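Predicted model, so just to flag it, every value in this text is computed and none were measured.
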Amino acid sequence: MNDPGPPTDQSRDDANEAPQFDLAFVAPPGELIQVSPLVRRIVAPNPGPFTFTGTCTYVVGTGAVAVIDPGPDLPAHLDALRAGLGDETIAAIFVTHTHRDHSPAARLLQQTSGAEIIGCPPHFAARDMALGEINKLDASNDLDHRPDRALNDGDLWRGAGFSLRAIATPGHTMNHVCFELVEEKALFTGDHIMGWSTTIVAPPDGAMRLYLDSLEKLRAYDHAIYWPGHGGPVTQPQRFLRALLHHRRARERSILAALDAGPLITPDIVEKVYEKLDPRLKGAAALATFAHLEDLCARGLVQTEGAPQLSGRFALA
C-alpha cells in the first residue's frame, strides 16, 4: 500500500535524492514470466491507486517451488499461477505481511497444493487503540491469516536448489517480513519497499519509527536487487534506501515547517505538505502524516493534547 507523493518543500538537492520509481513498469496480469535464473513473477489483476499495476506474486526455484505473496482472493490469479506452473509442485507458500492484497490467496493455494504457509505471523498492531480512535485501515487487514510456521528474523528455509532467509522489517505492518534469496543476493520486499511509490505507514497498525529503523537495517546488507510487492525491480538497493530515508526526513521537515505558523489539525497539514494530490489518496496522506506526527510527539518535537490521534490538533513543542 502506497504513501502518496513527495513533500512540497523539496529543494533542488532534495529532488536529486528523491526515490526514482519506474512508473512505466508493465507486466501483463496472468503471465508467469522468468525475471532471473531462479525467479518468476506473475502480477495479480488488482490494479488501483494503492496497488499500482497489481500485486506481484513470485515463484522461486523449479520443480519444487516456493510461492511468495500469492495475493488477493482472486481465483483467476491462482488459476493463471497454476497454469504457469504446469506439473511443478508447490513446496511452500511464503507471506510477507497480512494485507488483503498479499495474503488471503495463501489459504486457497494451500487447499490445492497442501503446502505449508510460512513467513509472517498473524496480524498484530503497533499499539492499543486510543479512546475513541477508529482504525481507518482495519478492513485492509487479513485477520484470518494463521501460518503453519512463522519465521523469526534470520531464520533460513532451504528449498530445492535455493534458500530463503527471513528479515524482519516491522513498520508498514508490525508483522512484515522480507525474504532474502541467498543464491542471488535478492530480497523480496513486499510492501516494505515498493517499485512505484513510497510505503504508507498508518498507526495503530504501523509505526513510523520502526519503519525507519527497518529501512536502516537493510543498509547493512549487500543485496543486488529488490523484488517488491508492487512495481518493477529496484536495481540499486543501497542508493534507493538512501533516497527513501532522505524522503522521510524531508517529509518530517515539511510537517515541522507547516506547524511553524501555528497549531494545525492533520487535514490542514496535508494541504500544506502534499502537492497536486489525487483526491482518492487524501485519506492515505492523512494517515501517513499522522504516523510522522506520532513519532515527532514521541521525540518531543511536537505536542498535542492527550495521546496523539488522527483527529487531534498538533503544535510545535
Side-chain angles (χ1 to χ4, degrees), residues 1 32 34-44 55-62 64-71 81 85 90-99 101-107 109-110 113 115-123 142 145-195 199 210-211 214-215 217-235 237-238 240-241:
M1 187 173 291
L32 185 61
Q34 195 84 37
V35 292
S36 83
L38 286 172
V39 179
R40 286 169 282 175
R41 178 186 61 216
I42 184 170
V43 179
T55 302
C56 295
T57 295
Y58 294 96
V59 174
V60 184
T62 56
V65 305
V67 174
I68 298 176
D69 280 353
L81 173 62
L85 290 175
I90 298 173
I93 303 164
F94 285 77
V95 176
T96 60
H97 68 294
T98 46
H99 277 153
D101 57 324
H102 286 261
S103 59
R107 296 186 292 278
L109 196 58
Q110 184 181 57
S113 68
E116 274 192 316
I117 297 175
I118 300 172
C120 72
H123 168 81
D142 176 12
H145 178 77
R146 294 290 185 275
D148 298 297
R149 187 172 11 145
L151 296 182
N152 297 314
D153 188 49
D155 284 353
L156 188 69
W157 183 88
R158 298 186 186 278
F162 65 93
S163 305
L164 292 169
R165 177 179 287 113
I167 301 177
T169 48
H172 173 62
T173 61
M174 292 304 294
N175 63 351
H176 198 289
V177 180
C178 296
F179 302 112
E180 177 185 24
L181 176 55
V182 176
E183 289 75 13
E184 293 188 352
K185 296 174 66 174
L187 190 69
F188 300 96
T189 58
D191 279 0
H192 181 56
I193 294 171
M194 298 191 293
T199 299
L210 290 173
Y211 178 75
S214 293
L215 287 179
K217 177 180 181 176
L218 291 186
R219 296 185 69 180
Y221 293 83
D222 63 343
H223 296 127
I225 192 167
Y226 290 161
W227 296 109
H230 304 274
V234 174
T235 57
Q238 286 298 325
F240 201 74
L241 282 172

How far apart are the closest heavy atoms of [X] and [Y], and which atoms are they?
{"X": "Val177", "Y": "Ala166", "value": "CG1-CB, 3.8 Å"}
{"X": "Val67", "Y": "Pro70", "value": "CG1-CG, 4.2 Å"}
{"X": "Tyr226", "Y": "Pro237", "value": "CZ-CB, 3.4 Å"}
{"X": "Leu156", "Y": "Val182", "value": "CD1-CG2, 4.0 Å"}
{"X": "Trp227", "Y": "Pro233", "value": "CZ3-CB, 3.5 Å"}
{"X": "Gly195", "Y": "Val234", "value": "CA-CG2, 4.5 Å"}

Residues which pass salt bridge (Lys or Arg N to Asp or Glu O under 4.0 Å) with Glu116, listed by chain and number, not counting sequence neighbours: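 Listed in chain order: Arg149.
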Between [X] and [Y], is there a donor-acceptor pair closer than 3.5 Å when you use the side chain of the first and the backbone of the second?
{"X": "Asp142", "Y": "Thr98", "answer": "no"}
{"X": "Asn175", "Y": "His97", "answer": "no"}
{"X": "Ser214", "Y": "Pro170", "answer": "yes"}
{"X": "Tyr58", "Y": "Pro228", "answer": "yes"}
{"X": "Gln238", "Y": "Asp222", "answer": "no"}
{"X": "Glu184", "Y": "Ser36", "answer": "no"}
{"X": "Gln110", "Y": "Ala115", "answer": "yes"}
{"X": "Thr57", "Y": "Asp69", "answer": "yes"}
{"X": "Lys217", "Y": "Ala168", "answer": "yes"}
{"X": "Thr55", "Y": "Gly71", "answer": "no"}

Trace of the side chain to side chain contact (heavy atoms under 4.5 Å, CB included) decision for Ile117 with Val95: CA-CA 7 Å; Ile117 297 175; Val95 176; 4.3 Å; yes
Ring geometry between His99 and His172 (parallel below 30°, tilted from 30 to 60°, perpendicular above 60°):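 Answer is perpendicular, since the angle exceeds 60°.
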Side chains of [X] and [Y] in contact at under 4.5 Å (non-hydrogen atoms):
{"X": "Ile118", "Y": "Leu164", "result": "no"}
{"X": "Ser163", "Y": "Glu183", "result": "yes"}
{"X": "Leu210", "Y": "Met174", "result": "yes"}

To the closest 0.5 Å, what do you measure between [atom1] ([X]) and [atom2] ([Y])?
{"X": "Thr96", "Y": "His192", "atom1": "OG1", "atom2": "NE2", "value": "11.0 Å"}
{"X": "His223", "Y": "Lys185", "atom1": "NE2", "atom2": "NZ", "value": "9.0 Å"}
{"X": "Phe188", "Y": "Ile68", "atom1": "CZ", "atom2": "CD1", "value": "4.0 Å"}
{"X": "His102", "Y": "Cys56", "atom1": "NE2", "atom2": "SG", "value": "8.5 Å"}
{"X": "Glu180", "Y": "Arg165", "atom1": "CD", "atom2": "CZ", "value": "5.0 Å"}
{"X": "Ile193", "Y": "Leu187", "atom1": "CD1", "atom2": "CG", "value": "7.0 Å"}

Residue pair Asp191 / His230, side-chain donor-acceptor N/O under 3.5 Å: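 Yes, side-chain donor-acceptor contact under 3.5 Å.
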Derivation of the side chain to side chain contact (heavy atoms under 4.5 Å, CB included) call for Ile93 and Arg107: CA-CA 9 Å; Ile93 303 164; Arg107 296 186 292 278; over 6 Å; no
Results of ring pair (Phe, Tyr, Trp, His ring centres under 6.0 Å) for Phe94 - residues two or more places apart only: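 Here the qualifying residues are Trp157, Phe179.
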